[in-house]
**Q** 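Sharing a structure below in structure tokens format, with a few things to ask.
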Amino acid sequence: HVLSLGLIPIALQLIFCSIYKSNTKELLKNLSAEQFVLRLPKAYMWVFIVGILTNVIFLLIMEFFPNGTEAGWVYAIFSIFGIFCAFFALYTLTWKLECFRNEDFFIYRPLFGKGRKIFYRDVEFYRIETTGTGGIIIKTKTGRFTLDPHVTNKEFFLAVLSKHGVPEKK
């Protein structure tokens, strides 16, 4: 038990170091690029893939080496967690925000559905959360969406928002 309590913070630190390293590479690559893409960190996808594999392994162990824990509700919990991990792995792969430095719009692509072209004049404000998740809330005339605090290239996106006169709400 003590070993697992010590390994969890180490694993989390390695994940966040990986996120920081990949975000730094993206920043350097996009310093002078006309177009850049905001994406969720690849480390998120790997965490969810490990979750899926762990669930499959546990389900197979329960099926082939029964020890009395193979009740229906246990299968259901593992299956729900596996579906949850698969959904978020897919979300990590498909979510993106394409931004152009010298255009007056960006393209937001959520998990399902066609990408939406959003003009900067339609963005009412953005707010950087200081509590909770620490994400960035973008409010448009048609709705709102939140950027993950660890999304790549968010600094460039905030600079482009400022360049186009989008106000920051405190």
**Q** M62 vs V74, test: side chain to side chain contact (heavy atoms under 4.5 Å, CB included). Steps then yes/no.
**A** CA-CA 9 Å; M62 271 189 348; V74 176; 3.3 Å; yes
**Q** Spell out, yes or no, whether I77 and I83 are grouped together once hydrophobic residues are joined by side-chain heavy atoms under 4.5 Å, including indirect joins.
**A**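 Different clusters: I77 never reaches I83 through Ile, Leu, Val, Met, Phe, Trp or Tyr contacts under 4.5 Å.
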**Q** Do F106 and F157 make the cut of ring centroids closer than 6.0 angstrom?
**A**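 That pair passes the under 6.0 Å test.
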**Q** Sequence neighbours excluded, which residues qualify as side chain to side chain donor-acceptor pair (under 3.5 Å) partners of E129?
**A**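 For E129 the side chain to side chain donor-acceptor pair (under 3.5 Å) partners, ignoring immediate neighbours, are R127.
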**Q** Might you work through the side chain to side chain contact (heavy atoms under 4.5 Å, CB included) test for L147 and Y126, ending with a clear yes or no?
**A** CA-CA 10 Å; L147 300 179; Y126 70 94; over 6 Å; no
**Q** Heavy-atom distance under 4.5 Å between the side chains of V37 and R109, does that happen here?
**A**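 Counting from C-beta outward, V37 and R109 never come under 4.5 Å.
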**Q** A side-chain contact here means heavy atoms from C-beta on lying under 4.5 Å apart; do P110 and Y108 qualify?
**A**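 With C-beta onward as the side chain, the pair touches.
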**Q** Evaluate the criterion side chain to side chain contact (heavy atoms under 4.5 Å, CB included) for residue pair W95 and V151; output intermediate values, then yes/no.
**A** CA-CA 10 Å; W95 184 95; V151 72; 3.6 Å; yes
**Q** In a table with atom names and distances, give each donor-acceptor pair under 3.5 Å that connects a side chain of residues 136-145 to protein atoms at least two apart or in another chain.
**A**
unit_1: T140; atom_1: OG1; unit_2: T142; atom_2: N; d: 3.4
unit_1: T140; atom_1: OG1; unit_2: T142; atom_2: OG1; d: 3.4
unit_1: T140; atom_1: OG1; unit_2: G143; atom_2: N; d: 3.2
unit_1: T140; atom_1: OG1; unit_2: G143; atom_2: O; d: 2.9

**Q** Which heavy-atom pair separates C85 from I52 by the least distance, and what is that distance?
**A**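 Scanning both residues, the minimum pair turns out to be CB-CG1, 3.5 Å.
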**Q** Are any of the side-chain heavy atoms of L97 and I107 separated by less than 4.5 Å?
**A**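 No. Closest side-chain heavy atoms not under 4.5 Å.
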**Q** Would you say I128 and L158 make side-chain contact, with heavy atoms under 4.5 Å?
**A**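 Of all side-chain heavy-atom pairs linking L158 with I128, at least one is under 4.5 Å.
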**Q** Among residues at least two apart in sequence or on other chains, which ones pass side chain to side chain contact (heavy atoms under 4.5 Å, CB included) with T54?
**A**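 Residues passing side chain to side chain contact (heavy atoms under 4.5 Å, CB included) with T54: V50, F58.
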**Q** Taking only residues two or more places apart in sequence or in another chain, which ones pass side chain to side chain contact (heavy atoms under 4.5 Å, CB included) with S79?
**A**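 Per chain and number, S79 pairs via side chain to side chain contact (heavy atoms under 4.5 Å, CB included) with L59.
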**Q** Could you tell me whether the side chain of T152 and the main chain of R39 form a donor-acceptor pair under 3.5 Å?
**A**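 It does hold such a pair.
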**Q** Rounded at 0.5 Å granularity, tell me how far CZ in F105 sits from NE2 in H164.
**A**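 So the gap between those two atoms works out to 10.0 Å.
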**Q** What residues form a side chain to side chain donor-acceptor pair (under 3.5 Å) with N55, not counting sequence neighbours?
**A**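 With neighbours one apart ignored, the set is empty.
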**Q** Let me check something: any side-chain donor-acceptor pairs from residues 115-122 under 3.5 Å, sequence neighbours excluded? List them with distances.
**A**
none

**Q** To check you understand the geometry: which heavy-atom pair defines the closest contact between V166 and V123, and what is its length?
**A**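 Looking at all heavy atoms of both residues, the shortest contact is CG1-CG1, 3.5 Å.
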**Q** Hydrophobic cluster mates of I80, side-chain heavy atoms under 4.5 angstrom, ILVMFWY only, any path?
**A**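 The other cluster members (ILVMFWY side chains, heavy atoms under 4.5 Å, direct or chained): none.
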**Q** Name all residues meeting the ring pair (Phe, Tyr, Trp, His ring centres under 6.0 Å) criterion together with F84; count only those two or more places apart in sequence or in a different chain, and write none if there are none.
**A**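 Expected list: F88.
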**Q** Holding to salt bridge (charged side-chain N to carboxylate O under 4.0 Å, His left out), I want the full list of residues that pass it with E168, two or more places apart in sequence or in another chain.
**A**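 With sequence neighbours excluded, E168 shows a salt bridge (charged side-chain N to carboxylate O under 4.0 Å, His left out) to K170, given in chain and number order.
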**Q** What's the separation between atom CG in L161 and atom CZ in F125, rounded to the nearest 0.5 Å?
**A**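 Those atoms lie 12.0 Å apart.
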**Q** With sequence neighbours left out, what residues match I57 under side chain to side chain contact (heavy atoms under 4.5 Å, CB included)?
**A**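 Partners of I57 under the side chain to side chain contact (heavy atoms under 4.5 Å, CB included) test: I61.
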**Q** Starting from I49 and following side-chain heavy-atom contacts under 4.5 Å between hydrophobic residues (I, L, V, M, F, W, Y), which residues can be reached?
**A**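 Same cluster as I49: M45, W46, L53, L93.
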**Q** Are F78 and Y75 grouped together when hydrophobic residues (ILVMFWY) are joined by side-chain heavy atoms under 4.5 angstrom apart?
**A**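 They do share one cluster, since a chain of ILVMFWY contacts under 4.5 Å joins F78 to Y75.
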**Q** Could you pull out the closest heavy-atom pair between V160 and C99, with the gap in Å?
**A**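 Looking at all heavy atoms of both residues, the closest pair is CG1-SG, 4.0 Å.
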